[in-house]
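To keep things clear, I will list the structure first and then write my remarks on it.
Heavy atoms only: backbone and side chains are in, while hydrogens, waters and symmetry mates are out. Treat the numbers as computed from the prediction; the structure is a model and nothing was measured.
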Amino acid sequence: MAQTKFDKQLEENADSLVRGIARVLAGRDLDGVKRTDATFWRAGTRVLPKVEGKVRRRSYKPGWRRLSFRIALGAGVGESGYLATQDLDATVQNTQELWDNREQVLATLESSGIGGACVLTVGTAAYMALTRERRELMREWVVPLHEAIHRPLGLAEQTDPRRYLHIPKNFSDDDAEIRIDLPKHLDFSRDVIADRITQKLALEGVTFDWHPEGSKPYVRVKKTRKPPAKALFKDPKVRELVAKAPESAPIIGLGSAGRIVSVDLDADSPHILVNASTGGGKSATLRCIACQMLHHGSLVYVLDTKRISHPWAHGIDGVTYCRDIADIHDQLIELGQIGRLRTRIADELGIDADPKAIGPRVLILLEEINATMKQLARYWEKIRESGDPKVSPAVDALNEILYMGRQLRMHVLLVAQSATARALGGPEVREQFATRILARYSVNAWRMLAPEVHPAPKSTKHHGRAQVVIGGSARETQVLFFTETEAREWATTGKKAADGPNPAALPAQADPVQLQKSPTPDTQPAAVPADSLADAWSTTPITAVPDPAPAPAADPGDDNPAATPPAPADDAQAVGLREAHERHLPDITIAALRYARAHDRTFPKPVGKRGAELLYRVGDLKKWARNRPRAASGTTDLD
């Protein structure tokens with residue numbers, strides 16, 4: 001039997017009724033269109049793709065809330081209908097009475113209407129006044145931000161911005177916090193989102209704390225307080241903080257809200273990299289750290305091809321200052337041998353020994369690594385002999401110290417204008433610097449040295465301001481400033497390196513005392529023979545070349561003149577100042593040599609006397625001449 005048109009209509013209506021009841025019970029829109037990602041138990045946060053038209057607020061509510069509202073509304077309507085039926089007769093009677101007293105009723109309604117209108121007007125005005133700031137926030141900030149980031153986030157334009165942008169009215173105040181809920185797919189660029197947030201909300205000095213994990217990813221944007229404009233050592237409070245700082249954790253500067261920013265050389269990072277362009281305060285940063293280390297009795301080696309970076313350290317006990325590239329080369333080799341020697345000390349002491357028993361802490365200040373590495377390579381090419389390795393042993397020594405510095409209490413403080421992997425000797429070398437201080441940096445420099453911190457904080461030209469990156473987080477810091485006089489005073493008033501504990505006994509082939517003792521003020525180590533430069537890791541300690549004994553007079557009757565001992569080399573001779581001026585240092589006058597002997601603490605010590613005249617080793621005098629702060633004499637000419 002064919003189905004009639006009436007039957008089809010009845011079936012369609014029944015189906016629509018069933019579907020409508022199901023949508024009511026499920027808390028969904030009655031038209032059957034799913035507009036948001038809301039479920040029965042969870043509220044919605046975004047509009048689904050391909051949804052057109054305006055999405056009302058009720059579409060974001062969870063199904064159970066909409067069902068509860070519909071049940072309450074239906075119950076109210078049913079109860080009203082029941083009461084209306086019961087009171088129909090009473091209503092008719094009341095209507096008759098009102099008609100009979102219509103004048104009085106009209107007067108009452110007139111006064112009540114005026115009162116109701118007044119209440120409605122006052123209530124509306126109060127609501128508008130109380131919500132004015134919120135409406136302005138939505139109009140001026142929230143909606144424009146939504147329009148800027150909804151597409152990069154992959155959200156529909158119809159998404160209610162209040163569902164995922166949680167922006168307080170005081171978002172521009174210090175310590176204000178903004179929370180933005182992120183889509184689960186995380187298919188967006190963090191740099192783009194961060195850049196648009198800072199631009200649309202006109203934010204400066206904010207940090208982005210990304211939380212992509214879990215079912216509700218979000219990013220927290222927090223505006224922190226700026227570091228102080230200045231951090232001067234002469235401030236009594238700052239001086240007190242420096243005095244209380246541990247020996248292994250020198251203070252770098254002050255961060256937000258005046259908090260101390262420091263690095264623990266034993267726990268956080270044994271080495272520090274300072275990257276800044278010209279005028280970024282590289283030397284001031286090194287001076288801050290080095291003088292604190294000297295105050296606690298560390299040994300400091302300043303390897304400075306610029307020659308004038310740290311005049312405050314000239315002549316301080318415990319400081320070895322190398323300005324000439326040949327002496328920097330030799331000094332790095334000797335430091336590498338000290339590292340090998342300390343390795344044997346640590347092995348002899350065992351795992352339970354006091355770390356200080358290995359010897360005083362050693363800090364190596366390596367200035368301008370970009371220029372220094374090139375000069376070391378050129379110098380090695382100049383002196384290298386057949387059979388020597390192509391790579392400078394000084395570079396190998398530096399790399400070895402970087403790899404094993406923590407256990408040996410040897411730390412490298414390296415300065416670069418552009419700390420590329422090529423300049424440092426490879427990416428694995430750069431990874432040894434877990435603490436990095438960046439000032440006046442470019443975007444490329446930040447991406448190269450701190451890629452784990454994004455977006456990159458904006459660089460500033462504020463004097464002394466830097467970003468200290470430790471453990472994957474960056475802290476804006478006002479670097480502690482010591483004047484040269486203050487740095488020298490603080491470095492010379494603390495514990496002396498010679499007061500430290502003596503290292504334990506070594507195997508018979510090494511003498512620990514010779515390499516662990518505190519150096520004399522700013523004197524350079526004895527020259528290394530040219531034929532030993534190729535072996536950077538010899539286990540034999542470098543010792544000073546002894547003064548040669550006077551050659552015995554030749555015997556006129558000796559028929560074998562070849563058996564006569566050869567004359568000593570020029571650098572090993574012991575000469576007076578006048579002879580040194582005439583034969584070895586013609587560019588330095590005898591008056592200048594005598595003045596330096598009386599006033600320069602780095603002037604070599606005499607090695608003997610000839611009558612009343614003091615004798616000095618020629619090699620020591622040449623090394624002093626190369627490394628003195630004034631215009632040097634005898635500086636290695638690499639060109």
Side-chain angles (χ1 to χ4, degrees), residues 152 188-212 219-227 252-256 259 261-263 268-269 271-286 288-289 366-371 373 402 412-479:
F188 55 85
S189 171
R190 293 188 179 184
D191 291 338
V192 171
I193 297 302
D195 183 62
R196 297 196 179 186
I197 290 173
T198 53
Q199 289 187 28
K200 298 302 291 185
L201 298 182
L203 298 175
E204 292 184 1
V206 295
T207 58
F208 289 81
D209 189 13
W210 299 87
H211 293 270
V219 58
R220 181 183 291 112
V221 185
K222 190 174 182 181
K223 184 175 181 180
T224 57
R225 297 178 182 176
K226 290 284 186 181
I252 299 175
L254 301 179
S256 60
R259 297 184 179 92
V261 178
S262 63
V263 54
D268 296 334
S269 169
H271 312 298
I272 303 174
L273 171 63
V274 180
N275 183 268
S277 60
T278 302
K282 299 184 294 293
S283 297
T285 303
L286 266 65
C288 164
I289 298 175
L366 191 54
E367 278 278 0
E368 299 298 344
I369 188 64
N370 301 86
M373 295 296 279
L402 290 174
V412 176
L413 191 52
L414 186 144
V415 178
Q417 289 193 11
S418 179
T420 62
R422 181 179 179 182
L424 299 181
E428 66 280 358
V429 176
R430 191 169 60 192
E431 291 302 316
Q432 302 305 314
F433 296 92
T435 298
R436 302 171 182 183
I437 304 175
L438 293 89
R440 296 193 181 183
Y441 47 85
S442 63
V443 176
N444 290 335
W446 185 271
R447 291 175 179 173
M448 177 177 59
L449 296 176
E452 69 277 13
V453 181
H454 54 274
K458 186 177 181 181
S459 180
T460 177
K461 292 186 178 180
H462 184 94
H463 290 293
R465 191 63 53 87
Q467 295 286 346
V468 180
V469 181
I470 304 176
S473 62
R475 299 180 64 180
E476 188 175 9
T477 304
Q478 183 67 29
V479 177

Taking atom NE2 of His463 as the centre, report whether more than 12 heavy atoms of other residues, nucleotides or ligands fall under 6.0 Å from it.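 No, not enclosed.
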Of all the heavy-atom pairs spanning [X] and [Y], show the shortest one and how long it is.
| X | Y | answer |
| --- | --- | --- |
| Trp446 | Leu438 | CE3-CD2, 3.9 Å |
| Ser269 | Thr435 | CB-OG1, 3.1 Å |
| Glu452 | Val469 | OE2-CG1, 3.8 Å |
| Leu254 | Val261 | C-CG2, 4.2 Å |
| Ile193 | Pro152 | CD1-CB, 3.6 Å |
| Asn275 | Ala445 | OD1-CB, 4.1 Å |

> Which pairs with one or both residues in residues 430-443 pass salt bridge (Lys or Arg N to Asp or Glu O under 4.0 Å), sequence neighbours excluded?
Replying inline: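 Counting only pairs at least two positions apart or across chains, the salt bridge (Lys or Arg N to Asp or Glu O under 4.0 Å) contacts touching residues 430-443 are Glu431-Arg436.
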Discussion item. Under the salt bridge (Lys or Arg N to Asp or Glu O under 4.0 Å) definition, can you give me all pairs with a residue in residues 190-202, not counting sequence neighbours?
Written reply: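 Passing the test, one end in residues 190-202: no pairs.
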Subject >> Trace of the side-chain contact (heavy atoms from CB on, under 4.5 Å) decision for Ser283 with Glu367 >> reply: CA-CA 8 Å; Ser283 297; Glu367 278 278 0; 3.5 Å; yes
Enter the distance from [X]:[atom1] to [Y]:[atom2] here, rounded to the nearest 0.5 Å.
| X | Y | atom1 | atom2 | value |
| --- | --- | --- | --- | --- |
| Gln478 | Arg465 | CD | CZ | 4.5 Å |
| Leu413 | Ile289 | CG | CD1 | 5.0 Å |
| Leu414 | Ile437 | CG | CD1 | 11.5 Å |

Practice prompt. Kindly say whether Gln432 contributes a backbone atom to a donor-acceptor pair with the side chain of His271 at under 3.5 angstrom?
Written response: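 No; judged by distance alone, with no hydrogens or angles, the pair does not exist.
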Legend entry - Short side-chain to backbone donor-acceptor contact, Arg447 and Asn444, under 3.5 Å: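 No; zero donor-acceptor contacts below 3.5 Å.
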(message) I want to check something: taking the side chain as every heavy atom from C-beta on, are Arg475 and Ile470 in contact at a cut-off of under 4.5 Å?
(response)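 No, their side chains stay 4.5 Å or more apart.
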